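Any value given below was found using the heavy atoms of this structure, including those in side chains, with hydrogens, waters and symmetry copies removed. Computed from a predicted model, the values in this text were never measured in an experiment.
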Amino acid sequence: MHSYTVDSKERETIPLYLALISIVFTWLFSKYLFQPLSNMFSVSLWWIDTPAVVGFYGTIYKLFDTYFWKINFVRIVLRLKIPDLNGQWDVVLKSSYDDFREERYAKINIQQTWTRISIKFENDTSSSFSRTASIYVDDLCGVKLSYEYQNNPNVDTVDTMNMHIGFVSLRILENSSILDGEYFSNSGRKNYGRIQLKRVVAA
């Protein structure tokens, strides 16, 4: 998985909330665990407080980044805008390669945390993976996902296919269950086309 950029301000504000939660947890542990232990064994545990804040913050941030950000209640309370795109997607695309005459089918798997993402494409002739990505939640055209990919043909494909770099731009529709947009490949392939994704399994 690799990091992705967003135009939402939540990446700036959420860490502050998590830091405050970490301080509260540290205070509770200090009051109800560390202090009683200090009194019981007549040993000062003052040196635990600062590392405890860092430890709590790291743990809470990791849990939020991986799990909590996807929970509807958390998303509503914190007003999170970054869409959850995790899951298996069915893909239908039309390409300039055959003058858009034929629909082609593929699968895409998206793994995403609050800060990282991986987009893997696979069809009968090739596979690809994302190298960079961006999510725009305040775009005038709606919520969008854009990413650069590297495509690798299968070993048994025709000689005209070769490894290439491309770019995909998708609008996120219908409560993040449909992605619709265009793709472009670099000068080595010179292909472009329409692509639509429909989520069939959420993760």
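Taking OG of S128 as the reference point, atom CG of N152 lies at 8.0 Å (rounded to 0.5 Å). Taking OH of Y147 as the reference point, atom CZ of F167 lies at 10.0 Å (rounded to 0.5 Å). The line from CH2 of W114 to CD1 of I82 is 6.0 Å long, rounded to the nearest 0.5 Å. Note: F129 CZ to S118 OG = 9.5 Å, rounded to the nearest 0.5 Å. Atom-to-atom distance recorded for R194:CZ and S95:OG is 13.0 Å, nearest 0.5 angstrom. Between the CD atom in Q111 and the CD1 atom in I117 there is a gap of 10.0 Å [rounded to 0.5 Å].
When the side chains of ILVMFWY residues are joined at heavy-atom separations under 4.5 Å, either directly or via intervening members, L18 and L20 end up in two distinct hydrophobic clusters. Residues L80 and L63 are members of one and the same hydrophobic cluster, defined by side-chain heavy-atom contacts under 4.5 angstrom among Ile, Leu, Val, Met, Phe, Trp and Tyr. Placement of V6 and I14 within a single hydrophobic cluster is found when ILVMFWY residues are connected by side-chain heavy-atom separations under 4.5 Å, directly or transitively. Neither I110 nor L173 shares a network with the other; the hydrophobic side chains, linked directly or stepwise wherever heavy atoms of I, L, V, M, F, W or Y lie under 4.5 Å apart, form separate groups for each. Hydrophobic clustering (ILVMFWY, side-chain heavy atoms < 4.5 Å, transitive): V77 and F68 are in one cluster.
Every residue two or more places apart in sequence or in another chain that forms a side chain to side chain contact (heavy atoms under 4.5 Å, CB included) with V92 is listed here: E103, Y105. With sequence neighbours excluded, the residues satisfying ring-ring contact (aromatic ring centres under 6.0 Å, His included) with Y192 are F100. Looking at residues two or more places apart in sequence or on another chain, you find no ring-ring contact (aromatic ring centres under 6.0 Å, His included) involving Y136. D7 is linked by a salt bridge (charged side-chain N to carboxylate O under 4.0 Å, His left out) to nothing, counting only residues two or more places apart in sequence or in another chain. Residues that satisfy the ring-ring contact (aromatic ring centres under 6.0 Å, His included) test with F184, not counting sequence neighbours, are absent from this structure. Residues meeting the side chain to side chain donor-acceptor pair (under 3.5 Å) test with S169, sequence neighbours left out: none. Partners of R101 according to the salt bridge (charged side-chain N to carboxylate O under 4.0 Å, His left out) rule, which considers only residues two or more places apart in sequence or in another chain, are D99. Partners of K94 according to the salt bridge (charged side-chain N to carboxylate O under 4.0 Å, His left out) rule, which considers only residues two or more places apart in sequence or in another chain, do not exist here. Not a single salt bridge (charged side-chain N to carboxylate O under 4.0 Å, His left out) links E122 to another residue, sequence neighbours left out. Applying the ring-ring contact (aromatic ring centres under 6.0 Å, His included) rule to Y57 yields the partners Y61; only residues at least two apart in sequence or on another chain are considered.
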- side-chain hydrogen bond (donor to acceptor under 3.5 Å, both in side chains) between T5 and S134, worked out: CA-CA 5 Å; T5 60; S134 300; 2.7 Å; yes

- Query: Are W89 and K107 close enough, and set up right, to give a side-chain contact (heavy atoms from CB on, under 4.5 Å), and what steps lead you there?
  - Reply: CA-CA 6 Å; W89 300 75; K107 300 286 185 181; over 6 Å; no

- Start with the C-alpha gap between I21 and F64, add the side-chain angles, then the distance that decides, and say whether side-chain contact (heavy atoms from CB on, under 4.5 Å) holds. CA-CA 12 Å; I21 293 172; F64 180 85; over 6 Å; no

- Using the side-chain contact (heavy atoms from CB on, under 4.5 Å) rule, take R104 and N123 through it: C-alpha gap first, then chi angles, then the decisive distance, then the call. CA-CA 9 Å; R104 301 175 184 273; N123 65 6; 5.8 Å; no

- Item | Candidate pair Y4 and L145, rule side-chain contact (heavy atoms from CB on, under 4.5 Å), full reasoning | CA-CA 10 Å; Y4 62 96; L145 165 67; over 6 Å; no

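What you find for F56 and S22 is that their closest heavy atoms are C-OG, 3.6 Å. When every heavy atom of L16 is checked against every heavy atom of E12, the shortest pair comes out as CG-O, 3.9 Å.
Between the side chains of N191 and S185, not a single donor N or O lies within less than 3.5 Å of an accepting N or O.
Between the side chain of Q112 and the backbone N or O of L85 there is at least one donor-acceptor pair closer than 3.5 Å.
Residue pairs meeting the salt bridge (Lys or Arg N to Asp or Glu O under 4.0 Å) criterion with at least one partner in residues 127-138, sequence neighbours excluded, are K81-D138, R131-E148.
At least one cation-pi condition fails for R79 and Y17: the charged atom is not both under 6.0 angstrom from the six-membered ring centre and inside a 45 degree cone around its axis.
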Which pairs would a plain distance check flag for residues 196-203, meaning a side-chain donor or acceptor within less than 3.5 Å of a matching protein atom at least two apart in sequence or in another chain?
{"residue": "Q196", "atom": "NE2", "partner": "D180", "partner atom": "OD1", "Å": "3.2"}
{"residue": "R199", "atom": "NH1", "partner": "D84", "partner atom": "O", "Å": "3.1"}
{"residue": "R199", "atom": "NH1", "partner": "N86", "partner atom": "O", "Å": "2.8"}
{"residue": "R199", "atom": "NH2", "partner": "D84", "partner atom": "O", "Å": "3.3"}
{"residue": "R199", "atom": "NH2", "partner": "S176", "partner atom": "O", "Å": "2.7"}

